[in-house]
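One structure is given below, encoded as structure tokens.
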Amino acid sequence: MDHAADAHRTDLMTITRFVLNEQTKHPESRGDFSILLSHIVLGCKFVCSAVNKAGLAKLLGLAGETNVQAKDQKKLDVLSNEVFIKALVSSGRTCILVSEEDEEATFVEPAKRGKYCVVFDPLDGSSNIDCGVSIGTIFGICMIKEGHEPNLEDVLQPGMNMLAAGYCMYGSSCTLVLSTGSGVNGFTLDPSLGEFILTHPDIKIPKKGKIYSVNEGNAKNWDGPTTKYVQSCKYPTDGSSPKSLRYIGSMVADVHRTLLYGGIFLYPGDKKSPNGKLRVLYEVFPMSFLMEQAGGQAFTGKQRALDLVPEKIHERSPIFLGSYDDVEEIKKLYAAEEKN
């Protein structure tokens, strides 16, 4: 990458311009989807600003309430959730919103209603705020089935029905990674312009990686295939080099690294949490959608992640996602166990 040349570039592909270009490929489009995405982007910018000055604004520390996932809510969680709910409702293009922070889905009042459902985790990895580790927002967009009053069934669709998914990572820089169903693109916030600029066009995950990412503290509770796979990462029997372990504990940061460098991210079910810890609608689905769009795979231990049909809005699932060949290996281990 020629940074000197980049500094003098005047033809900047902003995220707004990018989304409008995509819109022109769909002559029937009325611009609703573009308007919705611009409101999500605005929410991300606001949260990025709040995260950057959290210590100064005394936003750190617990807000005193516990959310539906029995996690102590940070003030930033509460703030981020409010920001996204308000941004999405005011777009006039949404119908149902599902947030990690709210026990019930939010149904938008008829006057402001549109045809899209948005599922999101407003601040993933928020337990890492105090120590400066990257955190992020994850979102997915699907469309309601037309011709009836909106209900929860509209949200409880398989992940393959998603129209778009993405995440915004608040770290050393603010990076937004987005797929609208034709590849994955990464944008970085230029603070001087207040605009997201295309910096990672058409992201493709390497076919095989050298990194595995898992919480090894749970190893004693893992099932057979996960144990065997991690063992093979550390002690390969085919003469190859062992894989490196990298685990941040913030899903957005771990998946972002996996997407760019290749490898595999695992959050398996175990004896303590048979369904894993990650939620299907707003963590597993969006990240699986991005992985597949970038040429990787996502697997639950039983099936392709995007084929899963959730029954509850906060349902959980094990997940293995990343480079195509790496996920293929763990799929073979689960298939072998099923045979036995």
Side-chain angles (χ1 to χ4, degrees), residues 13-19 33-54 59 74 76-88 91 94 97-101 116 118-129 132-141 162-180 183-191 193-201 203 248 250-260 265 278-279 281-291 293-294:
M13 177 61 80
T14 66
I15 194 163
T16 310
R17 184 175 153 195
F18 180 86
V19 168
F33 190 62
S34 304
I35 290 167
L36 173 58
L37 280 173
S38 72
H39 278 73
I40 290 174
V41 168
L42 178 64
C44 291
K45 286 179 187 173
F46 188 100
V47 174
C48 177
S49 166
V51 167
N52 284 340
K53 56 186 180 217
L59 286 167
K74 297 258 173 178
L76 265 177
D77 287 24
V78 182
L79 178 76
S80 308
N81 193 42
E82 283 176 12
V83 165
F84 276 100
I85 296 273
K86 285 174 179 162
L88 291 166
S91 73
T94 57
L97 310 176
V98 174
S99 165
E100 192 242 11
E101 297 294 332
Y116 296 107
V118 183
V119 293
F120 61 98
D121 184 343
L123 206 59
D124 181 72
S126 53
S127 61
N128 286 319
I129 295 167
V133 167
S134 296
I135 51 182
T137 300
I138 310 172
F139 61 89
I141 303 170
M162 273 190 169
L163 299 174
Y167 60 81
C168 186
M169 185 173 73
Y170 315 112
S172 52
S173 58
C174 180
T175 309
L176 196 149
V177 174
L178 174 71
S179 173
T180 53
V184 181
N185 291 279
F187 303 82
T188 304
L189 184 63
D190 182 335
L193 296 173
E195 286 279 9
F196 279 101
I197 308 296
L198 181 65
T199 48
H200 297 74
I203 298 170
I248 298 163
S250 177
M251 191 193 191
V252 172
D254 279 314
V255 170
H256 186 66
R257 183 202 54 248
T258 305
L259 194 61
L260 296 184
F265 170 82
L278 299 176
R279 273 69 49 130
L281 278 182
Y282 41 80
E283 289 175 326
V284 170
F285 278 172
M287 294 311 202
S288 300
F289 186 88
L290 290 167
M291 276 298 161
Q293 285 292 322

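Throughout, residue positions are numbered sequentially from 1 according to the sequence presented. Computed from a prediction, not measured in an experiment: that's the story for all the values here.
- I40 places a side-chain heavy atom less than 4.5 Å from the side chain of I141.
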Next item on the list: Run the numbers on L123 and I129 for side-chain contact (heavy atoms from CB on, under 4.5 Å), then give the verdict.
Entry: CA-CA 10 Å; L123 206 59; I129 295 167; 4.0 Å; yes
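- Side-chain contact check for L37 versus T180: some heavy-atom pair is nearer than 4.5 Å.
- With contacts defined as side-chain heavy-atom distances shorter than 4.5 Å, the pair C174/F196 qualifies.
- Taking CD1 from I135 and CG from N128, the interatomic distance works out to 8.0 Å, rounded to the nearest 0.5 Å.
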Next item on the list: Let me see the working for N185 and L178 under side-chain contact (heavy atoms from CB on, under 4.5 Å), right down to the final yes or no.
Entry: CA-CA 6 Å; N185 291 279; L178 174 71; 5.8 Å; no
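- L76 has its side chain out of reach of Y170: every pair of non-hydrogen atoms, C-beta onward, lies at least 4.5 Å apart.
- The distance from atom OG of S134 to atom CG of D124, rounded to the nearest 0.5 Å, is 11.5 Å.
- Counting only heavy atoms from C-beta outward, the side chains of H200 and V177 never approach each other to under 4.5 Å.
- Between T258 and M291, the closest heavy-atom pair is CG2-CE, 4.0 Å.
- Under the 30°/60° scheme for interplanar angles, the aromatic rings of F84 and F120 are found to be tilted.
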Check: Can E100 and I138 be said to form a side-chain contact (heavy atoms from CB on, under 4.5 Å), step by step?
Finding: CA-CA 10 Å; E100 192 242 11; I138 310 172; over 6 Å; no
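- Ring orientation note: the planes of Y116 and F33 are tilted relative to one another, at an angle of 30° to 60°.
- Taken to the nearest 0.5 Å, the CD1 atom of I203 stands 10.0 Å off from the OG atom of S179.
- Inter-residue side-chain proximity for E195 and K45 is flagged as met; some heavy-atom pair is nearer than 4.5 Å.
- Considering NZ of K86 and CG of N81, their distance stands at 10.5 Å, rounded to 0.5 Å.
- Annotation: side chain of L36 is in contact with side chain of T94 (closest heavy-atom distance under 4.5 Å).
- With T14 contributing its side chain and I197 its backbone, the two residues share no donor-acceptor pair below 3.5 Å.
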Item checked: side-chain contact (heavy atoms from CB on, under 4.5 Å) between V252 and D121, worked out -> CA-CA 10 Å; V252 172; D121 184 343; over 6 Å; no
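- One finds the CZ atom of F285 at 13.5 Å from the CG atom of L290 (value rounded to the nearest 0.5 Å).
- Side chain to side chain, S49 and K53 meet the donor-acceptor criterion of an N or O pair below 3.5 Å.
- Not a single donor-acceptor pair under 3.5 Å links the side chain of S91 to the backbone N or O of H39.
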Next item on the list: Report the C-alpha separation of Y282 and S99 in whole Å, then their side-chain angles, then the decisive distance to 0.1 Å, and conclude whether the side chain to side chain donor-acceptor pair (under 3.5 Å) test is met.
Entry: CA-CA 8 Å; Y282 41 80; S99 165; over 6 Å; no
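- The CE atom of M169 sits 11.0 Å away from atom SG of C48, with the distance rounded to the nearest 0.5 Å.
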